[in-house]
Amino acid sequence: MASSVTSTTNSCHLGSSFLGELSALRITGTPVARIGFLRRIVECKESRIGKRPIEVPSNVTITMEGQDLRVKGPLGELSRTYPREVKIEKEASGILRVYKAMETRRANQMHGLFRTLTDNMVVGVSKGFEKRLLLVGVGYRAMLEGKNLVLNLGFSHPVRMPIPDGIQVKVEDNTRIIVSGYDKCAIGDFAASVRLWRPPEPYKGKGVRYADEVVRRKEGKAGKKK
Ligand SMILES: *[C@@H]1O[C@H](CO)[C@@H](O)[C@H](O)[C@H]1NC(C)=O
């Protein structure tokens, strides 16, 4: 899977928190000077992250070919093509480092970002990731049927979601869904697509939410307090 810097539509594949922060700022109409200021802070932080070495456990094999990196571990295998702004090097001690290949602002941004993405790959194939979802609402239930996750979310028919290869789904007490696997990005995508059937509504918080999600409750008209 090649990563392209231009495809900002899916931040998951870029793993970019700072791009999201910047666009949020633009939407809220923060003055340009302030954005520039924040951007500088964010970049400093990002390149500090970029410098941190990535420890590769002994159960993970790294293969490099030009700008392509393959990471293989007990849980799976992932690969990524790096943009020319960054370089990746494996040290004899088994540590991976991401370097900037040029001194541009974009390279500064790529540096932290691709260090994070690389770390996610190594952690993913050795320890794995999981994302938990909760169904909140009377009669809302989840169950597994073969390779499908079946959801009763108050629609006239149950929702049937095929579970993609490389992803494991567990259901506890019919209301807790645990999505796990080695590809953080694929886990996030699948969990997000489950949540999208019934995002938590702001009045009673009914719906599908991430276990760590804070649902901002709005006061209903009837229950409004002074
Ligand atoms: C791979 O090695 C790491 C570090 O020693 C360990 O935490 C992890 O559990 C191992 N993974 C598997 C699936 O054994």
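Atoms within a ligand are numbered from 1 in the order they appear, just like the ligands themselves.
Salt bridge status for Lys100 with Glu103: present, with a side-chain N to carboxylate O gap under 4.0 Å. Salt-bridge annotation for Glu213 and Arg209: absent, with no side-chain N of the basic residue lying under 4.0 Å from a carboxylate O of the acidic one. The residues Arg106 and Glu85 are annotated as salt-bridged, a charged nitrogen and a carboxylate oxygen being separated by less than 4.0 angstrom.
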Using distance only, find each side-chain donor-acceptor pair of residues 56-66 under 3.5 Å and give its atom names and separation, not counting sequence neighbours.
none

Return a table of donor-acceptor pairs under 3.5 angstrom between the side chains of residues 144-165 and protein atoms on other chains or two or more places apart.
unit_1, atom_1, unit_2, atom_2, d
Glu145, OE1, Arg160, NH1, 3.1
Glu145, OE1, Arg160, NH2, 2.9
Lys147, NZ, Asp165, OD1, 2.9

Do any nitrogen or oxygen atoms of ligand 1 lie under 3.5 Å from a protein nitrogen or oxygen, and which ones?
unit_1, atom_1, unit_2, atom_2, d
ligand 1, 2 (O), Asn59, OD1, 3.1
ligand 1, 2 (O), Asn59, ND2, 2.4
ligand 1, 11 (N), Asn59, ND2, 2.9
ligand 1, 11 (N), Ser126, O, 2.9

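Judged as a side chain to side chain donor-acceptor pair (under 3.5 Å), the pairs with a partner in residues 131-140 (not counting sequence neighbours) are, in order, Glu130-Arg132, Tyr140-Arg198.
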